[in-house]
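Taking it in order: structure first as C-alpha cells, then the write-up.
In this text, all values refer to a predicted model and were calculated from it rather than measured experimentally. Sequence lines set the chain letters: A, B, ... in the order given, protein chains first and strands last, and positions in each chain run from 1.
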There are 2 protein chains.
Amino acid sequence: MAHGIVDVARAAGVSTATVSRALRGLPNVTAATRERVRRAADELGYVPSPSAASLASGRTRTIGLITPWVAHWFFANVIEGAERALRVEDFDALLYTFEVNREVRRMRVDPDVLRRRVDGVLVVGLPLESEEVEALEALEYPLVFVGAGAPGRVTVGLDDVATARTAVAHLADLGHRAIAHLSGEPDDCLPWSPAVRRAQGWRAEMTARGLAVDGLEIHGHFDVAGGRASMHALLDRRPDVTAVFAASDEMAMGAILALRDRGLRVPHDVSVVGVDGHEMGEHLGLTTMVQNAHDQGVTAASMLLEMITGAPVPPEVVFPTVLVERGSTARPHVTKS
Amino acid sequence: MAHGIVDVARAAGVSTATVSRALRGLPNVTAATRERVRRAADELGYVPSPSAASLASGRTRTIGLITPWVAHWFFANVIEGAERALRVEDFDALLYTFEVNREVRRMRVDPDVLRRRVDGVLVVGLPLESEEVEALEALEYPLVFVGAGAPGRVTVGLDDVATARTAVAHLADLGHRAIAHLSGEPDDCLPWSPAVRRAQGWRAEMTARGLAVDGLEIHGHFDVAGGRASMHALLDRRPDVTAVFAASDEMAMGAILALRDRGLRVPHDVSVVGVDGHEMGEHLGLTTMVQNAHDQGVTAASMLLEMITGAPVPPEVVFPTVLVERGSTARPHVTKS
DNA sequence: CTGTTAGCGCCTTCAC
DNA sequence: GTGAAGGCGCTAACAG
C-alpha cells in the first residue's frame, strides 16, 4: 500500500531519478516519459515522503507561523490568509503560539524549535524585542513580519501613524476638540508596535490642529473589556470628551458599551472611531479605519515564498486603511468653540 | 555551526547510537554518559534534524489540524488550545484549512496532503460526509474529531441536544411560549452536526412542553449577519415571537441587532439566548450556554497523543455547557397563555 | 534525455 | 551499557 519511488520507477520502467524529475516538473524529461511516470505513480497511489525529500534536498516546503494568539481578529485572519496562500504553492504551515507574558521579560521565542524544520518564518503581530529578533535572524531563514514589524526587517503592515491621523482628522473635521485616545498597555508597546504608532499619530494630528492632548490618552488591554474599562476611567476624569479614537475595533466596542453603561448615547453624546474592520463593529455601526488582515497574510506569505526562492522583495509593504463612516461618529451636540 | 549527531558523538567520546539514546531519554545509558552527551550537545548547539529523525523512525512528532476556518470563535479557540497542548509534548501542529463550499458536493478534504507527514489528525468542526471520513481513516492515522464528530469515531464535543433543551427550558420556564430557533444552513447540516442536534433539542423540548414549533425554525449563515437576517425574516412572518434560541452567540448577537433595527427591546419585547460564551456576548449581556472551546482543543490533542502511543481513549468526551443568565432573557412582557 | 552513484542525518537492530 | 552497520526514501551531481 505504501509505495515508494522505486516502485514507481519499476512500474514505469525508468530510474528513480527520472521519476523524481518527472513528478516535480523539472526539465529534461520527455513528455511521453513524464506521462508514463505520472500514470504509474497514480496507479500505485504514490505520495512522496516529505521527510526523505527534505533530508535529501535540504528544503522542507514548510514555513513557521509564529504568533502570540490565534483567537483574535487580526491574528486569525492573517493566519487564515497566509495558510491559504501557502497551500496554493504546496507549502505547509507550522503553527507556533507563544505566551506573551507581561510579567517576565524572558526570551519568549525559542528559535530552536524551528531549526531545520522550516524554510522561512512568518511572525504575526508579535512585538519582539531586538534580541529576540536577532535570535530569529540567527536561524538564517527568510523572515517576514506582519502587523508588528521590526526596524530594518521585511515587513507588511499599515501606516499606523497616518491611519490614526485620518481617524482623528475625521473627528476634528466634524467639530470635535476633546478627542481622547484609547491605546494598549504601555508594556506591550515597543517603539515600532502599532499601538505606539497609532498613539503618535493621534498626538501628531491633535497637535497639528492646536488641540490639547493632556489627560486624553489612556492605556488598557487591547480587547473589549480593556476598552470598556479605559473608557470608564477616561470619563471619570474627563467628562467633557466628545470623541474617542480607539486603537482597535474591539476597544472601540468596549468604549461604546461603557458609554451605554452610563446612559450616554453614541454618537449624540460621544463619537467613537476604531481601527480594523471587525465584523461585529460593522454590525454595530462602528465608524472605523478598515484594514484587510486576510490579504496581509496572503501578501506576507507570498513575499516569504519569493525570498525563499531568492527573489528580491520590497523591504516594506504598506496596506491601505480606509475610513468607513458608519453611525458611531457625528458632529458634537454641544459645540464649545 | 550546523552540527550533527556525529559531532556530538565525537565531542562526548561515544557513538552516535549512544547520543541518540541519551538525548531522547531512552534507557540503557549511564547517568554519567547521558550527562556528558547532554553537555556536548549543548556546547555545540546541537538540534536534531526532524526530517532525518522522521525518515529513520517513521514518526513525525507532528499532527495535522484540519479545519474550515481559523477566523471564527470556536475554531480559533480550539486550535489555540490544541497547539499549546501539543507543544508541551514537543509535537508540532500543521495547519490545514479547507474551503467549505456550499455549492459543490465535492471531496473537500484531500487526505494525501497529510500522508507521511503527520502521526495523527485532529478534525476541528468540519462536518464531513461519510466518504470523506472514510478517506481520512484510510490514512490509518489516529483521528480525533472536535465539535463535529462522526458517528462511531473518537469525538470531543458537547451534548448538543441537552444544551438546546436547557436553553429552551430556561425560556419556557420564564413563561415564553412562542420560542423560535435560529439555526445554520441546512446544507451544512449532516445529521451529526451540532446545528442539527441543537435544532433537534429545541424541537424536543418544545414538544415535550406542548409548545408549537411550526414556522418558528429558521436557517441562515452561522454568523452575525446570518443571525440578523434570519431574525428579520422570522419577525416578518411571526411577529408574535417573544423568545429566540440561537444556535451560536454570533447568531444571537445578530438577532439582537435585528431587534434593535426594528425598535424592539431585549429582553422587554424579545428574549434571546445563544450558545458559546463569546467574549462579545458577555459584554453585550447575552444570556448563553457557555462552552469551553479552548479546553476541548487541549483534550482532543491529548487524546490524539494517547492514541499515537497506543493507549486506549474513551470513544467520546462530552464537555459540559452551563447556562449563564445575563440581561438578554426575562419573563415575557405580555403573557398570552 | 536518462541512469548511476552517493549521500542527507538519524534511528535501530544486532553484536559485544 | 555501548558500538557498528545498515537502512529510511529521496535528491543531486555526474556520467553517458
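Atoms CZ (A:Arg117) and P (C:dC10) sit 12 Å apart, rounded to a whole Å. Spacing between atom CZ of A:Arg24 and atom C1' of D:dT11 amounts to 6 Å, rounded to whole angstrom units. Going from atom CG of A:Leu26 over to atom C1' of C:dT2 covers 13 Å, rounded to whole Å. For the pair A:Arg36 CZ and C:dG3 C1', the interatomic distance rounds to 14 Å; values are reported in whole Å. What separates NE2 of A:His3 from P of D:dC8 is a distance of 16 Å, to the nearest Å. When rounded to the nearest whole Å, the span between CG of A:Leu55 and P of C:dG7 equals 14 Å. Atom P of nucleotide C:dT12 and atom CD1 of B:Ile5 are separated by 11 Å, given to the nearest angstrom. Distance B:Leu44 CG to C:dG9 P: 15 Å, rounded to the nearest Å.
Among C:dT2, D:dG9, C:dC10, the nucleotide with an atom closest to any side-chain atom of A:Thr30 is C:dT2. For A:Ser20, whose side chain is taken as the heavy atoms from C-beta onward, the closest listed nucleotide among D:dT2, D:dT11, C:dT12 is D:dT11. Listed nucleotides: C:dG3, D:dC10, D:dG3. Nearest to the side chain of A:Ala53: D:dC10. Listed nucleotides C:dT12, C:dG9, D:dC10 differ in distance to B:Arg116; the shortest reach to its side chain belongs to D:dC10. Taking only side-chain atoms of A:Asn28, from C-beta outward, the nucleotide of C:dC1, C:dG9, D:dG3 with the closest atom is C:dC1. Checking D:dG3, D:dC10, C:dT2 against every side-chain atom of B:Arg21, the shortest atom distance belongs to D:dG3. The side chain of B:Thr18 approaches D:dT2 more closely than any other nucleotide in the set C:dT12, D:dG9, D:dT2. Listed nucleotides: D:dT11, C:dG9, D:dA5. Nearest to the side chain of B:Thr16: D:dA5.
Taking for each of A:Val6 and B:Val29 the nucleotide of DNA chain D with the nearest heavy atom, the 5'-most of the two is the partner of B:Val29.
A salt bridge is absent between B:Arg153 and B:Glu316; no separation between the charged side-chain nitrogens and carboxylate oxygens falls under 4.0 Å. At a threshold of 4.0 Å, the pair A:Glu43-A:Arg39 does not count as salt-bridged, since none of the basic side-chain nitrogens sits closer than that to a carboxylate oxygen. Checked for salt-bridge contact, A:Arg117 and B:Asp92 meet the test: a charged N lies under 4.0 Å from a carboxylate O.
B:Arg34 comes within 4.0 angstrom of nothing in the nucleic acid, heavy atoms only. Here A:Val19 lies out of heavy-atom contact (under 4.0 Å) with every strand. Heavy atoms of A:Thr33 sit under 4.0 angstrom from primed sugar atoms or phosphate atoms, though from no base atom. As judged by a 4.0 angstrom heavy-atom cut-off over every strand, A:Pro48 is placed among residues touching the sugar-phosphate backbone only. If you check every strand for non-hydrogen atoms under 4.0 Å, A:Ala17 touches a base.
With no hydrogens or angles considered, a side-chain donor-acceptor pair links A:Ser15 and A:Thr18 at under 3.5 Å. Using modelled atom types, one finds a donor on one side chain and an acceptor on the other under 3.5 Å when comparing B:Thr97 with A:Arg84. Inspection of the A:Thr30 and A:Arg34 side chains reveals no N or O donor paired with an N or O acceptor under 3.5 Å.
Taking 4.0 angstrom as the limit, A:Ser49 places none of its side-chain polar atoms (N or O) nearer than this to OP1 or OP2 of D:dG9. For the OP1/OP2 pair of D:dG9 and a distance below 4.0 Å, the side-chain nitrogens and oxygens of B:Arg115 include no atom meeting the criterion.
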